[in-house]
Protein chains: 2
Amino acid sequence: MNIGEAARASGVSAKMVRHYEAIGLVAKAGRAANGYRDYDDADVHVLRFIRRARDLGFSIADIRELLALWSDRSRQSADVKRLALHHVAALEQRIVGLQAMAETLQSLAACCAGDDRPDCPILTELESH
Amino acid sequence: MNIGEAARASGVSAKMVRHYEAIGLVAKAGRAANGYRDYDDADVHVLRFIRRARDLGFSIADIRELLALWSDRSRQSADVKRLALHHVAALEQRIVGLQAMAETLQSLAACCAGDDRPDCPILTELESH
DNA sequence: CTTGACCTTGCCATTATGGGAAGGTGCAAG
DNA sequence: CTTGCACCTTCCCATAATGGCAAGGTCAAG
């Protein structure tokens with residue numbers, strides 16, 4: 001399987017497949033006689049795992065650990081759970097930060113006439129404080 | 001006022017003050033006889049505006065527009081409001097994305113024993129799908 | 001043999017921020 | 001005056017994850 005097909009099958013772009021290989025997240029792909037990277041279903045399986053983890057917001061560093069645990073037959077599920085919950089906490093922290101921003105802006109905007117006059121509490125707020 | 005003092009007064013690091021000048025977000029600072037950048041209260045005022053806008057999650061591009069509106073005496077508050085609400089929408093979109101991730105992970109983690117056995121629904125989920 | 005789709009590597013760009021090096025400046029204490 | 005420390009200057013590099021482009025090799029169909 002060429003890289004393009006593996007990319008389509010896994011949902012990871014060919015560009016990123018090469019990148020993941022370059023940073024050592026996945027093993028170096030075998031090469032066909034013509035020098036093209038050659039993939040099999042197991043490789044696609046790994047790539048799909050990565051893709052799914054990325055979709056859940058895990059960083060590459062996290063995924064490196066997840067992959068290690070995944071391939072470790074003697075892993076302890078507690079380690080996976082810890083990683084996941086740690087990530088949940090990080091996500092929730094980002095969420096509250098963003099919510100605070102959105103709420104502040106929302107309330108400022110609610111006080112803004114939004115017409116053709118220049119007076120605007122949003123700018124006033126940014127200006128002061 | 002040297003850059004360090006302006007940085008302390010505005011809450012923007014000296015590094016970023018230079019950067020904002022380099023990308024044309026703020027006007028080139030005047031220079032003292034020794035070549036040091038020289039700031040006054042008005043400059044600090046602008047920097048503080050930027051800092052506050054960054055705290056609300058506005059991008060540099062957004063801030064460029066906000067600064068233009070701020071200094072435009074004939075601005076229409078509708079333009080500011082539109083910018084702000086557009087940003088709120090973007091924030092909320094990011095929030096729902098993060099919440100979806102957090103909830104998915106949360107429910108997967110809830111199904112994970114978290115003990116010394118290797119079986120883990122989190123890995124199973126990443127693996128399948 | 002040409003054309004088009006695919007592969008290769010390598011470099012650059014993004015966003016916002018920080019780190020560090022190498023060297024100049026200014027002020028205070030010895 | 002010299003030493004030292006804190007500050008300034010510019011320039012380069014790094015981050016995280018991804019995309020784009022360019023120059024060139026490969027392969028299959030027409």
Side-chain angles (χ1 to χ4, degrees), chain A residues 1-26 28-40 43-44 47-67 87 90-91 93-94 97-98 101, chain B residues 1-26 28-40 43-44 47-67 87 90-91 93-94 97-98 101:
Chain A
M1 200 187 315
N2 281 345
I3 197 172
E5 198 177 346
R8 252 165 281 137
S10 65
V12 177
S13 73
K15 198 88 192 201
M16 291 312 297
V17 174
R18 294 193 196 95
H19 180 62
Y20 292 156
E21 177 181 320
I23 65 175
L25 185 66
V26 299
K28 281 186 190 166
R31 297 289 179 138
N34 57 14
Y36 289 10
R37 287 178 182 77
D38 193 24
Y39 298 90
D40 59 21
D43 297 323
V44 170
L47 290 171
R48 221 176 306 167
F49 181 99
I50 293 171
R51 172 62 206 267
R52 185 91 184 103
R54 290 287 306 133
D55 286 346
L56 288 175
F58 284 104
S59 68
I60 298 294
D62 287 339
I63 296 175
R64 217 178 277 272
E65 294 187 55
L66 287 171
L67 285 170
H87 182 48
L91 287 170
Q93 204 163 356
R94 286 171 59 191
L98 295 179
M101 293 177 189
Chain B
M1 201 188 312
N2 282 345
I3 197 172
E5 199 178 346
R8 252 165 280 137
S10 65
V12 177
S13 73
K15 203 86 191 200
M16 292 312 297
V17 173
R18 293 193 196 96
H19 180 62
Y20 292 156
E21 177 181 320
I23 64 176
L25 186 66
V26 299
K28 281 186 191 167
R31 298 288 179 138
N34 57 15
Y36 289 10
R37 286 178 182 77
D38 192 24
Y39 298 91
D40 59 20
D43 297 322
V44 171
L47 289 171
R48 221 176 307 169
F49 180 100
I50 294 172
R51 171 63 205 267
R52 185 94 184 101
R54 291 286 306 133
D55 286 346
L56 288 174
F58 284 104
S59 69
I60 298 293
D62 287 339
I63 296 176
R64 218 178 276 272
E65 294 188 55
L66 286 171
L67 286 170
H87 182 48
L91 287 170
Q93 203 162 357
R94 286 172 59 192
L98 295 178
M101 293 177 188

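Labels below follow one simple rule: chain letters A, B, ... track the order of the sequence lines, proteins then strands, and each chain is numbered from 1. Model, not experiment: these values are computed from the prediction.
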Spacing of CD1 belonging to A:I3 relative to CZ belonging to A:R8, to within rounding of 0.5 Å: 11.0 Å
With B:F49 via ring pair (Phe, Tyr, Trp, His ring centres under 6.0 Å) - residues at least two apart: B:W70
Whole-Å distance separating the CE atom of B:M1 from the P atom of D:dC7: 16 Å
Selected nucleotide, minimal atom distance to A:N34 side chain, candidates D:dT9, D:dT18, D:dC27: D:dC27
By side chain to side chain contact (heavy atoms under 4.5 Å, CB included) - contacts of A:E65 (at least two apart): A:L83
Start and end of the DNA chain C segment that chain A contacts, any atom under 4.0 Å from a heavy atom: C:dC6 to C:dG10
Contacts of type side chain to side chain contact (heavy atoms under 4.5 Å, CB included), residue A:A7, not counting sequence neighbours: A:A14
Sugar-phosphate, base or nothing in reach of A:R18, heavy atoms under 4.0 Å: base
B:L67 side, atom CG; B:Y20 side, atom OH - distance, nearest 0.5 Å: 10.5 Å
Bend angle of the helix from C:dC1-D:dG30 to C:dG30-D:dC1, from helix axes over five pairs at each end, nearest 10°: 30°
N/O (side chain, B:R37) to phosphate O (OP1/OP2, D:dC7) under 4.0 Å: no
Residue whose nearest DNA chain D nucleotide is more 5′ - B:R31 or A:H19: B:R31
Of residues 5-14 of chain A, the positions that come close to DNA chain C - non-hydrogen atoms, cut-off under 4.0 Å: none
Side chain to side chain contact (heavy atoms under 4.5 Å, CB included) evaluation trace for A:E21 with A:V17: CA-CA 6 Å; A:E21 177 181 320; A:V17 174; 5.8 Å; no
Test salt bridge (charged side-chain N to carboxylate O under 4.0 Å, His left out) applied to A:D40 - qualifying residues, sequence neighbours left out: none
Euclidean distance, A:I60 CD1 relative to A:R64 CZ, rounded to 0.5 Å: 7.5 Å
Tabulated below should be each protein N or O lying under 3.5 Å from an N or O of nucleotides 2-6 of chain D; please produce it.
none

Nucleic acid contacts of residues 51-65 of chain A, taken as heavy-atom distances under 4.0 Å to DNA chain C: none
Qualifying residue, where the test is side-chain contact (heavy atoms from CB on, under 4.5 Å) with A:F58 and the options are A:L91, A:I50, A:L66: A:L66
Protein-nucleotide distance (B:D38, atom CG; D:dT9, atom C1'), rounded to Å: 15 Å
Nearest non-hydrogen partners of A:D43 and A:D38, listed with the distance: OD2-O, 4.1 Å
From CA spacing to verdict: side chain to side chain contact (heavy atoms under 4.5 Å, CB included), B:L98, B:M101: CA-CA 5 Å; B:L98 295 178; B:M101 293 177 188; 4.2 Å; yes
Under the ring pair (Phe, Tyr, Trp, His ring centres under 6.0 Å) test, residues paired with A:Y39 that sit two or more places apart: none
Could you list, one pair per line, each protein nitrogen or oxygen that sits under 3.5 Å from a nitrogen or oxygen of nucleotides 20-22 of chain D, together with the distance?
unit_1	atom_1	unit_2	atom_2	d
D:dG20	N7	A:K15	NZ	2.9
D:dG20	O6	A:K15	NZ	2.3
D:dC21	N4	A:K15	NZ	2.6

Polar side-chain atom of A:N2 near backbone of A:G4 as donor-acceptor pair, under 3.5 Å: no
Donor-acceptor under 3.5 Å (B:R37 side chain, B:A29 main chain): no
Exam field: side chain A:H87 to backbone A:L56, donor-acceptor pair closer than 3.5 Å: yes
Derivation of the side chain to side chain contact (heavy atoms under 4.5 Å, CB included) call for B:M16 and B:L25: CA-CA 11 Å; B:M16 292 312 297; B:L25 186 66; over 6 Å; no
Qualifying residues under salt bridge (charged side-chain N to carboxylate O under 4.0 Å, His left out), relative to B:R52, sequence neighbours excluded: A:E125
